[in-house]
Amino acid sequence: MKSYRKELWFHTNQRREFINITPEVEKCLEESGITEGLCLVNAMHITASVFINDDESGLHQDFEVWLEKLAPEKPYSQYRHNGFEDNADAHLKRTLMGREVVVAVTKGKLDLGPWEQIFYGEFDGKRRKRVLVKIIGE
Ligand code: ZN
């Protein structure tokens, strides 16, 4: 069995951002030389997500509105976690959007559905953060 590991770094300009990382994950798969197996992609930070969904800007705005309804950023004082930090909402948003995805690798390609794209979801940005890509197989 072959095994491949890589960290992808991100530094967003805004507090919250969605970035389509499918091309970068495809590059990892190519580098790995693995043609049959599994590809795990996970955020290495507890205020960021990796998720799969449609690359459609309206939907991304809907996610933003939905997440702000469930875990509004402000007022900061509403959260017990906020003392030295102001990112309680980001922890909650990360929990809602998930930590990781696993994609099947078939014939050297990510075996995604027709509209599936892999996203990095940043909820407390403006600093360097990482995503782990781990691919195992033959
Ligand atoms: Zn925190």
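All ligand and atom numbering here is 1-based and tracks the order in the structure.
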S.K.: For a quick check under 3.5 Å, do D124 and H91 share a side-chain donor-acceptor pair by atom type?
M.R.: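 Per modelled atom types, D124 and H91 side chains form no pair under 3.5 Å.
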
S.K.: Do any of the N, O or S atoms of T47 sit under 2.8 Å from the Zn ion (ligand 1)?
M.R.: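 False for T47.
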
S.K.: What N/O/S atom of H91 is the closest to the Zn ion (ligand 1)?
M.R.: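 The nearest such atom is NE2.
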
S.K.: Does any non-hydrogen side-chain atom of T95 lie less than 4.5 Å from one of I46?
M.R.: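 No, their side chains stay 4.5 Å or more apart.
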
S.K.: Pick from Q14, R16, K129: which one makes a side-chain hydrogen bond (donor to acceptor under 3.5 Å, both in side chains) with E122?
M.R.: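 Looking at Q14, R16, K129, the match for E122 under the side-chain hydrogen bond (donor to acceptor under 3.5 Å, both in side chains) is K129.
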
S.K.: What do you reckon, are the aromatic ring centroids of F10 and Y120 less than 6.0 Å apart?
M.R.: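 Yes, they do, as the ring centres are separated by less than 6.0 Å.
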
S.K.: The Zn ion (ligand 1) is nearest to which N, O or S atom of E85?
M.R.: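 Distance check against the Zn ion (ligand 1) picks out OE1 in E85.
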
